[in-house]
Amino acid sequence: MPSFDIVSEVDLHQLTNAVDQAGRIVGNRFDFKGVEASFEREDHKVTLTAEAEFQITQMEDMLRSALVKCSIDPLAMEPGDIETSGKLVRQVVLLKNGLDSAQCKSIVKKIKDAKLKVQAQIQGDQVRVTGKKRDDLQAVMALLREGDFGAPLQFNNFRD
């Protein structure tokens with residue numbers, strides 16, 4: 001029976017590329033010359049450091065545009081609070097990885113409300129959809145692309 005998985009993942013290699021690209025943009029911008037500003041990445045966490053709060057907001061926009069260029073949905077970004085420590089200002093941006101149980105339940109509910117001939121089941125932080133026809137599965141994909149679930153969705157492991 002054909003099936004596929006609905007997941008929300010961030011490619012760490014592309015994330016590294018996006019952070020490096022945003023760092024190069026900061027290094028080349030005229031308004032950041034002589035300013036101590038940097039991006040640091042650890043797993044799914046990016047730390048923005050600068051001298052002023054308005055620079056942090058500009059750096060967040062630079063990171064968002066770099067993520068888009070590297071094919072990462074900016075909906076995965078979850079910016080934290082801006083913290084001041086000494087002369088530096090810091091913000092931690094988390095990138096959501098995986099679907100939480102509430103998002104999985106809303107995806108399953110949306111699929112069941114559509115009255116398509118498919119079964120959806122929650123498997124940890126992903127949802128598996130199975131059906132007899134490939135067309136039904138593609139209809140589910142189209143339905144979910146239109147919806148807003150608070151996280152970017154990818155469709156993996158399509159088996160015929």
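Nothing fancy with the numbering, it's 1 onward along the sequence.
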For the residue pair Val92 and Val46, establish whether any side-chain heavy-atom pair is separated by less than 4.5 Å. no
Is it true that Lys132 and Asp136 make a salt bridge, defined as a side-chain N closer than 4.0 Å to a carboxylate O? no
In this structure, CG of Asn97 is separated from CG of Leu15 (nearest 0.5 Å) by 10.0 Å
Contact check, side chains of Ile111 and Val118, non-hydrogen atoms, under 4.5 Å: yes
Salt bridge check: are Asp31 and Arg29 linked by an N-O gap of less than 4.0 Å? yes
Looking at CD of Gln138 and CG of Leu116, how far apart are the two atoms once the value is rounded to the nearest 0.5 Å? 12.0 Å
Taking the side chain as everything from C-beta on, heavy atoms only, tell me whether Ile6 gets closer than 4.5 Å to Met141. no
Minimum side-chain heavy-atom gap Phe4-Arg159 below 4.5 Å: no
Thinking salt bridges, do Asp61 and Arg64 make one under a 4.0 Å N-O criterion? yes
When clusters are formed by joining ILVMFWY residues with side-chain heavy atoms under 4.5 Å apart, either directly or through shared neighbours, do Leu88 and Phe32 land in the same one? no
With a 4.5 Å limit on heavy-atom distance, are the side chains of Ser38 and Val26 in contact? no
Rounded distance (nearest 0.5 Å) linking atom CD of Glu60 with atom CG of Leu48: 7.0 Å
Is the shortest side-chain heavy-atom distance between Leu144 and Phe155 below 4.5 Å? yes
To the nearest 0.5 Å, what is the distance between OG on Ser85 and CZ on Arg90? 4.5 Å
Under a 3.5 Å cutoff, is there a donor and acceptor pairing between the side chains of Asn157 and Asp5? yes
Just wondering, do Val7 and Leu153 contact through their side chains at under 4.5 Å, heavy atoms? no
Any side-chain heavy atom of Leu94 within less than 4.5 Å of one from His44? no
So does Lys87 have more than 12 non-hydrogen atoms from other groups sitting under 6.0 Å from NZ? no
